[in-house]
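The sequence lines fix the lettering, A, B, ..., with proteins before strands; numbering per chain opens at 1.
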2 protein chains.
Amino acid sequence: MGIADRKEREKLEMKRLIMDAAMRMFVEAGYEKTSIRAIAEKIEYSPATIYLYYRDKDDLLYDVQAQGFAQLLELFQQKATAKDPFKRLGQIARIYVDFGLEHPDIYDLMFIIRAPMNKVEEEGSKWLNGEACFAFVVTTLEACIVKKQIKFTDTMVAALSIWSMLHGIVSLNVRCRIKVSNLTEAEIPGVIDSSIESYLGMIKA
Amino acid sequence: MGIADRKEREKLEMKRLIMDAAMRMFVEAGYEKTSIRAIAEKIEYSPATIYLYYRDKDDLLYDVQAQGFAQLLELFQQKATAKDPFKRLGQIARIYVDFGLEHPDIYDLMFIIRAPMNKVEEEGSKWLNGEACFAFVVTTLEACIVKKQIKFTDTMVAALSIWSMLHGIVSLNVRCRIKVSNLTEAEIPGVIDSSIESYLGMIKA
DNA sequence: CAAACTTACTGAACAGTGTTTAGTAAACCA
DNA sequence: TGGTTTACTAAACACTGTTCAGTAAGTTTG
C-alpha cells in the first residue's frame with residue numbers, strides 16, 4: 001500500500017507545515033494575536049484547511065506546546081550532565097530560567113496560558129513531553145534526597161517547591177511584574193542570579 | 001456649582017456601575033470571555049456607552065485590577081498584625097496564597113494577565129495599589145533583616161525570592177500545572193502547606 | 001419662557017475573530 | 001472509463017472590540 005503510506009506522510013508533513021508556521025507566529029506576535037486566517041495566509045492555504053488537521057485553535061496550541069517541551073527536555077539532557085545530583089540540580093535551575101527568559105513567548109505557551117490545559121484535562125490526553133521534563137527533575141531530586149544533599153525529605157514537596165520558585169522568577173519577569181519593584185533593567189539579572197543562588201544555598205543540607 | 005458637582009458624582013457612579021459589573025463578570029467567566037457587549041447588557045446600557053467612561057477594554061481591566069489590590073492590601077493590614085516581623089512574614093505568605101487560591105480569577109487579573117501592564121508601562125501611569133501591597137511586604141522584610149531573623153541581607157533579593165516562591169505556588173495551581181504531577185486533588189493543599197513551611201524554615205536565620 | 005448649546009446616550013456600521021458547511025476539482029480505485 | 005474518496009476552498013455564521021453620526025434630553029443664556 002505505497003499510496004496510502006505516501007498519503008499519510010503527506011498528511012504529517014502538512015500538519016508539520018501548519019505547526020511550524022503557527023509556532024513561529026505565536027512566538028513573534030503571541031497566541032491571542034495570531035489568527036487562524038494569518039497562519040493560513042502564511043502557508044498559502046485557506047483557513048478552513050487548518051481545521052482539517054486541527055480540531056480548533058487550542059488543539060494547535062497543544063501541539064506547539066509539546067514542541068516547546070521537547071526543546072526544553074533536549075536542553076536538560078544535553079546540558080544538565082553533572083554526575084553529582086546537587087550540581088545537576090543547579091544546572092537544571094539555570095537551564096530552566098534561561099529558557100524562560102530567552103524564549104518568553106514559548107514559555108508563556110508552556111506554563112502560563114490556560115488554553116492548552118483544557119485539552120490536557122479532558123479525556124485521557126497527556127501533558128505531552130511536559131511530564132517527561134517534570135520526570136527529569138524528579139529523578140535528580142530523588143538522587144539528591146538519597147544522598148542527603150538537600151533538606152527536603154519528600155520528593156514531591158521538593159519538586160513543587162523548586163518548580164514554584166523557578167516558575168515564579170520566570171513568570172514575574174515574562175509578565176512584567178518585576179519592573180514595578182523599582183529595580184532598573186540592568187539590576188534584574190543580578191537579582192535573579194542571587195535569588196537562584198540563595199535558594200539553592202538554603203535547600204542544601 | 002451644585003449641578004457640576006452632581007454631574008461629576010453621577011459620572012463616578014456610572015464608572016463604578018460599569019466596573020462592578022465588569023469585575024463580577026471577569027471573575028465569573030474570565031477576562032477574555034467577557035465581552036463589552038455582555039457588560040453593557042448587564043448594566044442595561046449600549047456598548048458604546050462604556051467607551052464614554054473607559055478608553056478601551058484594557059483600561060477597564062486596569063481599574064478592576066486596582067480594586068483587587070485594594071482588597072489584598074486590606075487583608076494584609078487586617079490580618080498580618082503580628083508584632084514579630086518574621087511571624088508577620090508568615091502571615092503575609094499565607095494571606096497571599098489563600099487569596100490567590102480563593103479568588104483565582106482576580107489573582108489572574110492582578111498577577112498573570114499581561115494586558116493591564118501595558119497601561120502601567122506607558123506614560124507616568126502607576127501600578128495602582130499594587131505598589132502599596134509590595135511596599136507592605138518590603139517593610140516587613142526590612143524589619144526581619146534588621147533583626148537578623150532571615151538569611152537574606154538584600155531586601156530586594158529577599159522580596160523577589162519570596163514573591164517568586166509564593167507566586168509560583170499560586171500560579172501553578174491557578175493555571176492547572178500542578179495537576180500533572182500525579183498528585184491527587186486532596187494532596188495538593190498539604191503539599192502547598194509543606195512548601196510554604198519548608199521555605200520559611202529555610203530562610204530563617 | 002424660548003432659543004442655543006451641551007451632555008449622555010445609542011443604532012448601526014467597520015474590521016476583525018474562530019469556526020462550519022456546501023461545493024468543487026483532482027486523485028485514486030474498480 | 002466511471003464511481004468514489006480525498007483535499008481543498010469560498011462563503012457564510014455568529015461573535016468580538018471599537019467608532020461615529022445622530023438623537024433626545026438637560027442646562028445655560030438672551
Side-chain angles (χ1 to χ4, degrees), chain A residues 1-19 21-23 25-26 28-65 109 113-116 118-119 122, chain B residues 1-19 21-23 25-26 28-65 109 113-116 118-119 122:
Chain A
M1 276 307 179
I3 289 176
D5 284 2
R6 197 205 67 215
K7 289 243 166 178
E8 199 164 330
R9 223 170 39 237
E10 284 175 349
K11 209 157 178 128
L12 277 173
E13 270 170 38
M14 186 67 175
K15 224 176 160 172
R16 184 92 215 170
L17 180 72
I18 295 169
M19 208 213 58
M23 181 153 199
M25 296 178 77
F26 287 168
E28 270 173 47
Y31 174 69
E32 305 285 356
K33 281 181 184 165
T34 304
S35 69
I36 296 282
R37 280 175 172 82
I39 298 169
E41 198 170 348
K42 188 79 136 194
I43 60 171
E44 298 178 295
Y45 278 87
S46 107
T49 302
I50 289 173
Y51 288 87
L52 298 174
Y53 297 88
Y54 289 99
R55 182 153 37 85
D56 51 29
K57 205 186 172 187
D58 277 10
D59 193 26
L60 179 50
L61 175 57
Y62 177 77
D63 233 27
V64 173
Q65 194 197 47
L109 301 181
I113 287 186
R114 209 192 301 261
N118 299 339
K119 203 191 166 181
E122 75 183 31
Chain B
M1 276 307 186
I3 288 176
D5 284 2
R6 195 205 68 214
K7 288 240 166 179
E8 200 164 329
R9 226 171 35 239
E10 282 176 351
K11 209 159 178 128
L12 278 174
E13 270 171 37
M14 186 67 176
K15 224 176 161 175
R16 186 91 215 169
L17 179 72
I18 295 170
M19 208 213 58
M23 182 155 198
M25 296 178 78
F26 286 167
E28 269 173 47
Y31 174 69
E32 306 285 357
K33 282 182 182 163
T34 303
S35 70
I36 296 282
R37 280 175 171 81
I39 298 170
E41 198 171 348
K42 188 78 132 194
I43 60 171
E44 297 178 294
Y45 279 87
S46 110
T49 302
I50 290 174
Y51 287 87
L52 299 174
Y53 297 87
Y54 289 99
R55 182 154 37 86
D56 51 29
K57 206 185 171 187
D58 277 10
D59 193 26
L60 180 50
L61 175 56
Y62 177 77
D63 234 29
V64 172
Q65 195 197 46
L109 301 181
I113 287 187
R114 210 191 301 258
N118 298 340
K119 203 191 165 180
E122 76 182 31

K.L.:
Under 3.5 Å, which N/O atoms of the protein pair with N/O atoms of nucleotides 12-16 of chain D?
P.N.:
from, atom 1, to, atom 2, distance (Å)
D/dA12, N6, A/Arg37, NH2, 3.4
D/dT16, OP1, B/Ser35, OG, 3.0

K.L.:
For the pair made of CZ in A/Arg55 and C1' in C/dG18, what is the distance, rounded to whole Å?
P.N.:
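My rounded result for the distance is 14 Å.
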K.L.:
For A/Arg37, which residues count as a salt bridge (charged side-chain N to carboxylate O under 4.0 Å, His left out) partner, sequence neighbours excluded?
P.N.:
none
K.L.:
Whole-Å distance between D/dC8 C1' and A/Lys11 NZ?
P.N.:
11 Å
K.L.:
Taking atom types as modelled, is there a side-chain donor on A/Tyr62 or A/Asp56 under 3.5 Å from an acceptor on the other?
P.N.:
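No donor-acceptor contact under 3.5 Å links the two side chains.
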K.L.:
Specify the separation, in whole Å, of atom CD of B/Glu8 and atom C1' of D/dT27.
P.N.:
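Spelled out: CD on B/Glu8 to C1' on D/dT27 is 17 Å.
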K.L.:
Any side-chain N or O of B/Tyr51 under 4.0 Å from OP1/OP2 of D/dC20?
P.N.:
no
K.L.:
Whole angstroms only, please: what is the CD-C1' distance between B/Glu10 and D/dG26?
P.N.:
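Whole-Å distance recorded here is 10 Å.
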K.L.:
State the NZ-CZ distance between A/Lys33 and A/Phe26, to the nearest 0.5 angstrom.
P.N.:
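Output value for this atom pair is 14.5 Å.
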K.L.:
Check side chain to side chain donor-acceptor pair (under 3.5 Å) between B/Glu44 and all other residues, then give those that pass, not counting sequence neighbours.
P.N.:
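Scan of B/Glu44 (side chain to side chain donor-acceptor pair (under 3.5 Å), adjacent residues dropped) gives none.
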K.L.:
Do the side-chain N or O atoms of B/Tyr53 get closer than 4.0 angstrom to the phosphate oxygens (OP1, OP2) of C/dC9?
P.N.:
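Checking B/Tyr53 against C/dC9: at least one side-chain N or O falls below 4.0 Å of OP1 or OP2.
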K.L.:
Whole-Å distance between C/dT17 P and A/Leu60 CG?
P.N.:
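Distance check: A/Leu60 CG to C/dT17 P gives 15 Å.
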K.L.:
Roughly how far, to the nearest 0.5 Å, is CG of A/Leu17 from CD1 of A/Ile50?
P.N.:
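A/Ile50 atom CD1 to A/Leu17 atom CG measures 9.5 Å (nearest 0.5 Å).
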K.L.:
Rounded to the nearest angstrom, tell me the gap between atom CE in B/Met14 and atom P in C/dT7.
P.N.:
17 Å
K.L.:
Can you list the residues that meet the salt bridge (charged side-chain N to carboxylate O under 4.0 Å, His left out) rule with B/Glu13, with sequence neighbours excluded?
P.N.:
none
K.L.:
Are B/Thr49 and B/Ile43 packed together at the side-chain level, in the sense that at least one heavy-atom pair is separated by less than 4.5 angstrom?
P.N.:
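They are not in contact (no side-chain heavy atoms under 4.5 Å apart), so the answer is no.
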K.L.:
Output the residues of residues 42-50 of chain B in contact with DNA chain C, where contact means a heavy atom of the residue under 4.0 Å from an atom of the strand; sort by number or write none.
P.N.:
B/Tyr45, B/Ser46, B/Ala48, B/Thr49
K.L.:
Step by step, work out the side chain to side chain contact (heavy atoms under 4.5 Å, CB included) result for A/Tyr53 and A/Met19.
P.N.:
CA-CA 10 Å; A/Tyr53 297 88; A/Met19 208 213 58; over 6 Å; no
K.L.:
What pairs with A/Tyr54 under side chain to side chain donor-acceptor pair (under 3.5 Å), at least two apart in sequence or on another chain?
P.N.:
A/Asp63
K.L.:
Taking CG from A/Asp56 and P from C/dT19, how many angstroms apart are they, rounded to a whole number?
P.N.:
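A/Asp56 atom CG is separated from C/dT19 atom P by 5 Å.
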K.L.:
To the nearest Å, give me how far apart CD (A/Glu13) and P (D/dC8) are.
P.N.:
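Taking CD of A/Glu13 and P of D/dC8, I get 12 Å after rounding.
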